[in-house]
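Only one structure is covered here, and it is reproduced in the block below.
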Amino acid sequence: MLMDSSFFLTIVAAAFAIGFFIFLRKLRIHQENEDVGSSSTSPPSSLASSTSPPSTLSSSTSHPSSSTSPPSSLSCTGTHHVFPSFRGDDVRRNFLSHIQKEFRRKGITPFIDNEIRRGESIGPELIKAIRESKIAIVLLSRNYASSKWCLEELVEIMKCKKEFGLTVFAIFYEVDPSHVKKLTGEFGAVFQKTCKGRTKENIMRWRQAFEEVATIAGYDSRNWENEAAMIEEIAIEISKRLINSSPFSGFEGLIGMKAHIEKMKQLLCLDSTDERRTVGISGPSGIGKSTIARVLHNQISDGFQMSVFMKFKPSYTRPICSDDHDVKLQLEQQFLAQLINQEDIKIHQLGTAQNFVMGKKVLIVLDGVDQLVQLLAMPKAVCLGPGSRIIITTQDQQLLKAFQIKHIYNVDFPPDHEALQIFCIHAFGHDSPDDGFEKLATKVTRLAGNLPLGLRVMGSHFRGMSKEDWKGELPRLRIRLDGEIGSILKFSYDVLDDEDKDLFLHIACFFNDEGIDHTFEDTLRHKFSNVQRGLQVLVQRSLISEDLTQPMHNLLVQLGREIVRNQSVYEPGKRQFLVDGKEICEVLTSHTGSESVIGINFEVYWSMDELNISDRVFEGMSNLQFFRFDENSYGRLHLPQGLNYLPPKLRILHWDYYPMTSLPSKFNLKFLVKIILKHSELEKLWEGIQVSIYHSFMKFILF
Ligand SMILES: *[C@@H]1O[C@H](CO)[C@@H](O)[C@H](O)[C@H]1NC(C)=O
Ligand SMILES: *[C@@H]1O[C@H](CO)[C@@H](O)[C@H](O)[C@H]1NC(C)=O
């Protein structure tokens, strides 16, 4: 059930005033990323509630009417998501303008050409724009083939699809796909006209591009009753793809990618259509395994009946018992949720996921596997249909061995010249050094080692610096960097100013798991002078990615957590954030939490015993602002005496399976920005009357 948020707040307010009970169980409010101010924007499709628009940093300048864009698209870098290729005369005034409006509403940024389409052949700007896009849309309309421009664009787009796995959407706008494929009918006639006086070679290239684009499963406008529904569907599909797309920025992902993909394709043996095959990708953290898997998935998934890219959350140091029934159920649930793109799926029986894909030709990518149980919980290869492929990325070779995977691609460090290219992309914005910087760039690249993550972070550090600054930095780097990735990341952290450091730690310890959504700024406004600027600094320094659903690389998360741990190694209750499950249990049971603690991020570990905590458990932690108790906590935490006290400065209360039927009556809501109590026992918010201040941006999820 999806409800208008203001309506909900009204009910809540009214109920408070008369001190009534509201039965909130089963009532579900999901206003994530919805623009609270505009009441008419409630997405009619059921999918829309589970596919929140991509919270990606996007340029506010590229869509001037940004008042309609969701508040989560924070302005930052100038990248676009989608490259549209179209024949202006056919579609600019109608279809294109509608789809662009829908894009803005969903926070998708299209490329706007600003009149760079001039001259005979397509220029480097346009090629760059295509390559930097995550998705290209080819809008095939009646006169598309009348423009040599469009033809060349199409050739380039299809080339990027082949070489780099660019996702391409074909929209047949009032044209017959078979006419496009065979270049017949009216569409063909227009094409013939354009071909007059052109070389055979060009005509061949164009023909081939049309043949290829017509084989992509596209949208045929003639099959839709109305344009609005089709546009909505396309925009939803694009948001889904963007959410799942990799955060690497265009060009960098391409360096060395062709070679990786070729090797992987050999191992995958896609031509062998009777076989089912599993291929591992292994290598150290930060080398680009996920990127390779992502590009591959984009390239080959069209050839399968179903495909899924399943990203596992790192378990850091927590070992997971490999035959825990609950764990497997949870993992299967996540798998199904990803497969059919729907949140909050509940299953009750092991093997449900397997039944779902049984006998089908599927592509399964399991990214970031670090526990055997993750593999054990997934559908077995033998049950999949012929031609299915499973790709597993992991740092842990032993896991692949234990699972008897024979085909393994070990990702090597990039060779020196590629390392220099990666560094340069971040330092100069292109893949070779600026004039006069050749020697300096080579020196620094050598110090930074060959791990792509380190090169990215180091390159970003030098961005925009003068030659003198570069020279000034060198001695410091020589002392500080020992070739290990840890020292490079720490260096980059140390040069941040205090406020940015603090923001980094907030993200590493709490918000990387919680996600950065439209409430982020309001949540941290009291503490940071300019939250947006802080985020921009971290993006520019490559310490977080633009993909704000899970912005930080595992190694950086670990760095942040270690820094916080070092604040007080032996007394966890004196740290700023608590993140380790065991330590949190200890602090909660021994009442050693102090005023230093501002955040608790409790990811329940599987071997955890059931825990009884007292009604005054939070009393020592009067400065607690962020509390997150994740969805695995079912049945593991008990409050036998109830709960008497919640800290007054609480801003985020996220407690899945909250075990009580109400919140403490003395709970101060003044600072609360987000309250999420999924699967709770809640029957009413609290006893008696609560008078409080409401924020229009407050986010509720209770059911
Ligand atoms: C944490 O403290 C240990 C021991 O003093 C030190 O070796 C390590 O480098 C510190 N870690 C960080 C990230 O500062
Ligand atoms: C928790 O409390 C319940 C009831 O008060 C009791 O039966 C149970 O043994 C306690 N569990 C632990 C681990 O102390």
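All ligand and atom numbering here is 1-based and tracks the order in the structure. Keep in mind that the numbers below use all heavy atoms, side chains included, and drop hydrogens, waters and symmetry copies. We count residues from 1, following the sequence as given.
More than 12 heavy atoms of other residues, nucleotides or ligands shown are found within 6.0 angstrom of CD on Glu438. Annotation for Lys501: atom NZ counts as buried by contact number, over 12 foreign heavy atoms lying within 6.0 Å.
In summary, the aromatic rings of Trp470 and Phe428 are positioned with their centroids under 6.0 Å apart.
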Between ligand 1 and the protein, which N/O pairs fall short of 3.5 Å?
unit_1, atom_1, unit_2, atom_2, d
ligand 1, 2 (O), Asn566, OD1, 3.2
ligand 1, 2 (O), Asn566, ND2, 2.3
ligand 1, 11 (N), Glu562, OE2, 2.7
ligand 1, 11 (N), Asn566, ND2, 2.9
ligand 1, 14 (O), Asn566, ND2, 3.4

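In this structure, the side-chain hydrogen bond (donor to acceptor under 3.5 Å, both in side chains) partners of His461, at least two apart in sequence or on a different chain, are Glu473, Arg541.
With respect to Arg480 and Asp494, a salt bridge is recorded, a charged nitrogen being found less than 4.0 Å from a carboxylate O. Under 4.0 Å is where a charged nitrogen must lie from a carboxylate oxygen, and between Asp522 and Lys674 no such pair does.
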